[in-house]
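A note on names: the letters A, B, ... follow the listed sequences, proteins ahead of strands, and every chain is numbered from 1.
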Amino acid sequence: MRLSRFFMPTIKETPSEAQIVSHRLMLRAGMIRQSSAGIYSWLPLGLRVLRKIEQIVREEQDAIGAQEMLMPTIQPADLWRKSERYDAYGPEMLRITDRHDRDMLYGPTNEEQVTEIFADAAKSYRDLPKMLYHIQWKFRDEVRPRFGVMRGREFFMKDAYSFDLDFEGAKRSYNKQFVAYLKTFKRMGLTAIPMKADSGPIGGDMSHEFVILADTGESEVGCHRDLLENEWLNTIDLEGDLQVVVDSFTDKYAATDDERDLDIEGSLGDDLVVARGIEVGHIFFFGTKYSKAFNAVVTGPGGDEITAEMGSYGIGVSRLVGGIIEASHDDDGIIWPESVAPFKVGLINLKVGDDECDKACEDLYRQLQDAGIEVLLDDRDARAGAKFADMDLIGLPWQVVIGPKAVEAGVVEFKNRASGDRQEISAEAAIAQLTA
RNA sequence: CGGGGCGUGGCGCAGUCUGGUAGCGCACCUGCUUUGGGAGCAGGGGGUCGGAGGUUCGAAUCCUCUCGCCCCGACCA
């Protein structure tokens, strides 16, 4: 992509409405623009990141056998009356009336919708287990939206739903999602800590919030140091027994804010980590609450009726964009982990109009594109300082700077955004590093 | 929903208390000079002050109502 053509309206000054760093940087980098309180448009740069995150989530869901579908944003009120949540949900639910005066709503979640669909189709125990998910916009009419996309009213979310024949099956599904979540966040360069959450009316211990650590997180959390170590996750056999993996996490102390136990923390000594966190995922088992309401019942092997045991699993995809920035930035701007970066490398032409510089940049730009590297070429006729500042702001993992001096010396300047390390190397060497 | 704050060119703000017909920086346009970390000089365009009503000879400034946004709290992926 050429920056001269790319729609990326960066802002030098800090917009006054943005308080936290991710919100400020997303506005300044031209990733989003606010439409109204808690509702945002995603500009090209922001959308690229959103899509990257979405894709990682999708791949890890697919890896545990969940199947993607897509349910509507607008749902009929009757669906929610069946589960008795229409009245229970309160003013957070955005209620709409259509032209025929039918009560509709903008979905805050999809348990009812998916259960109705599943119930209508599943007849035999052979139809289970199943896991279905979709990645869709949701709306919760928060009283007080804030923190940009971290706490918007409209938000993009992955929600998965599992249907199993019995509790043991539900537990297997739960464990798969548990491990998938660990892998998902790890791939985004995040340290995610599963924390026991209020499991609601069902009870038991099958409800966890996944909290990522960031200095600017909303709440303070305490946990055992071992929970930060999950390098071995990639070697897990997803078809094997995941209980031991899950146990290795849930056995250890981890608690948010008011759940913290200072006695336990004191006993941990050096193993205690206290940090700030942002909740980015929530998984829980809720049994037959919805399967009963929607008659999600199948015939068992012996002709008996079996009500599906269900769980649901959410990840705040749009929130993660802000969350990753909270966890990875410096005074100059964003520092994207490579896996979610909008482009892998920014190529800066320091002297647009200079034949040598133009040629060197065009050649390298072409070669990187041919190699399948996502590259953003700053070919704007702007001052060097502005280009450096913008490139640091948008936080691409690598920068290649080409100016008259470098061209003469037959090198390019190769910079790592995260470490700030620069080296002068040949264009070929830069390509080699970027394609490694 | 309780408490607080703010709406003035695209952005950030001053002016409001003590009414007199709008100003600064950045951005933008033109020219010249510059050209490795958001340039310099000169010239220029753009706002009727969130909206409605009222008081007054006169309102960005005072009064009433209203809309929007932000912050703290309670609540949440």
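Shown for residues 3-40 of chain A: residues whose heavy atoms fall under 4.0 angstrom of RNA chain B, namely Lys12(A), Glu13(A), Thr14(A), Pro15(A), Ser16(A), Glu17(A), Gln19(A), Arg28(A), Gln34(A), Ser36(A), Ala37(A).
A side-chain donor-acceptor contact under 3.5 Å links Lys344(A) to the backbone of Leu434(A). Of the possible donor and acceptor atoms, one in the side chain of His224(A) sits under 3.5 Å from a partner among the backbone N and O of Asp226(A).
Between the C1' atoms of rA22(B) and rU16(B), the separation comes to 12 Å (whole Å). Remark: the separation of the C1' atoms in rC65(B) and rU21(B) is 25 Å, to the nearest Å. When the C1' atom is compared between rG43(B) and rG37(B), the two are found 29 Å apart, to the nearest whole Å. Nucleotides rG9(B) and rG50(B) are separated by 8 Å at their P atoms, to the nearest Å. Across rC28(B) and rC1(B), the matching C1' atoms stand 44 Å from one another, rounded to whole Å. The same atom, C1', is picked in rG23(B) and in rU30(B); the two are 24 Å apart, to the nearest Å. rA52(B) and rU61(B) have their P atoms separated by 12 Å, with the value rounded to a whole Å.
In this structure rC28(B) sits in a base pair with rG44(B), meeting the Watson-Crick or G-U test at under 3.5 Å. The partner of rU61(B), taking Watson-Crick or G-U wobble pairs whose two distances both stay under 3.5 Å, does not exist in any strand shown. With both pairing distances under 3.5 Å, rU16(B) is matched to nothing as a Watson-Crick or G-U wobble pair. Searching all strands for a Watson-Crick or G-U wobble partner of rA39(B) with both distances below 3.5 Å returns rU33(B). Summarising the base pairing, rG68(B) is matched to rC6(B) through a Watson-Crick or G-U wobble pair whose two defining distances lie under 3.5 Å.
As a whole-Å value, the separation of Gln399(A) CD from rG37(B) C1' is 11 Å. When rounded to the nearest whole Å, the span between CG of Asp381(A) and C1' of rC28(B) equals 16 Å. Rounded to a whole Å, the CZ atom of Arg153(A) is 13 Å from the P atom of rC1(B). At whole-Å resolution of the value, CZ in Phe414(A) and P in rG36(B) are 23 Å apart. The separation between Met157(A) atom CE and rC76(B) atom P is 14 Å, rounded to whole Å. Summarising the geometry, the separation between CD on Glu218(A) and P on rC75(B) is reported as 13 Å, rounded to the nearest angstrom. Atom CD in Glu142(A) sits roughly 12 Å away from atom C1' in rA74(B) (whole-Å rounding). Rounded to a whole Å, the CZ atom of Arg144(A) is 15 Å from the P atom of rG5(B).
Relative to the side chain of Lys415(A), the nucleotides rC1(B), rA77(B), rG37(B) differ in distance, and rG37(B) lies closest. In this structure, of rG38(B), rC1(B), rC76(B), it is rG38(B) that holds the atom nearest to the side chain of Leu393(A). Comparing rC75(B), rG38(B), rC72(B) by their nearest atom to the side chain of Arg151(A) picks out rC75(B). With distances taken from any side-chain atom of Arg319(A) to the nucleotides rC1(B), rC76(B), rC72(B), the minimum falls on rC76(B). In the set rC72(B), rA77(B), rG36(B), the nucleotide with an atom closest to the side chain of Lys405(A) is rG36(B).
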Please list, pair by pair, any protein nitrogen or oxygen found under 3.5 Å from a nitrogen or oxygen in nucleotides 40-42 of chain B.
none

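Sorted by first and then second residue, the pairs that involve residues 331-350 of chain A and meet ring pair (Phe, Tyr, Trp, His ring centres under 6.0 Å), not counting sequence neighbours, are Phe6(A)-Phe343(A).
Residue side chain Arg422(A) reaches the base of rG37(B) through a donor-acceptor N/O pair under 3.5 Å, judged by distance alone.
Counting non-hydrogen atoms under 4.0 angstrom, Val280(A) reaches the backbone sugars and phosphates but no base. Among the heavy atoms of the strands, none lies under 4.0 Å from Gly314(A). Using a 4.0 Å heavy-atom criterion, one finds that Asp390(A) contacts the bases of the nucleic acid, with or without backbone contacts as well. Residue-level contact check: Gly353(A) touches neither bases nor backbone, having no heavy atom under 4.0 Å from any strand. If you check every strand for non-hydrogen atoms under 4.0 Å, Ala386(A) touches a base.
Side-chain contact between Met93(A) and Phe139(A) is absent, with no heavy atoms from C-beta onward closer than 4.5 Å. By the 4.5 Å heavy-atom criterion applied to side chains, Val401(A) and Phe388(A) are counted as neighbours. Looking at heavy atoms from C-beta onward, Ser162(A) lies in side-chain contact with Tyr313(A) at the 4.5 angstrom threshold.
Side-chain N/O atoms of Arg383(A) include one lying less than 4.0 angstrom from OP1 or OP2 on rA39(B).
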Practice prompt. Walk me through it: do Phe155(A) and Trp137(A) pass the test ring-ring contact (aromatic ring centres under 6.0 Å, His included)?
Written response: CA-CA 6 Å; Phe155(A) 56 99; Trp137(A) 291 95; 8.4 Å; no
Practice prompt. Dump the intermediate steps for salt bridge (charged side-chain N to carboxylate O under 4.0 Å, His left out) on Asp78(A) and Arg81(A), then the final yes or no.
Written response: CA-CA 5 Å; Asp78(A) 282 347; Arg81(A) 291 195 174 104; 2.7 Å; yes
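Mapping Glu279(A) and Lys351(A) onto RNA chain B via the closest heavy atom, the residue that lands nearer the 5' end is Lys351(A). Remark on RNA chain B: of its neighbouring residues Val407(A) and Gly316(A), the 5'-side contact belongs to Val407(A), judged by nearest-heavy-atom nucleotide.
Test Met157(A), Gln136(A), Gln75(A), Glu116(A) against Asn110(A) for side chain to side chain contact (heavy atoms under 4.5 Å, CB included) and you get one pass: Gln75(A). Just one of Ile20(A), Ile334(A), Leu320(A) meets the side chain to side chain contact (heavy atoms under 4.5 Å, CB included) condition when paired with Ile325(A); it is Ile334(A).
Aromatic ring centroids of Tyr174(A) and Phe285(A) lie 6.0 Å or more apart. If you look at Phe210(A) and Phe178(A), their ring centroids are closer than 6.0 Å.
With its ring centre under 5.5 Å from that of the base six-membered ring and a plane angle below 30°, Phe155(A) counts as stacked on rA77(B).
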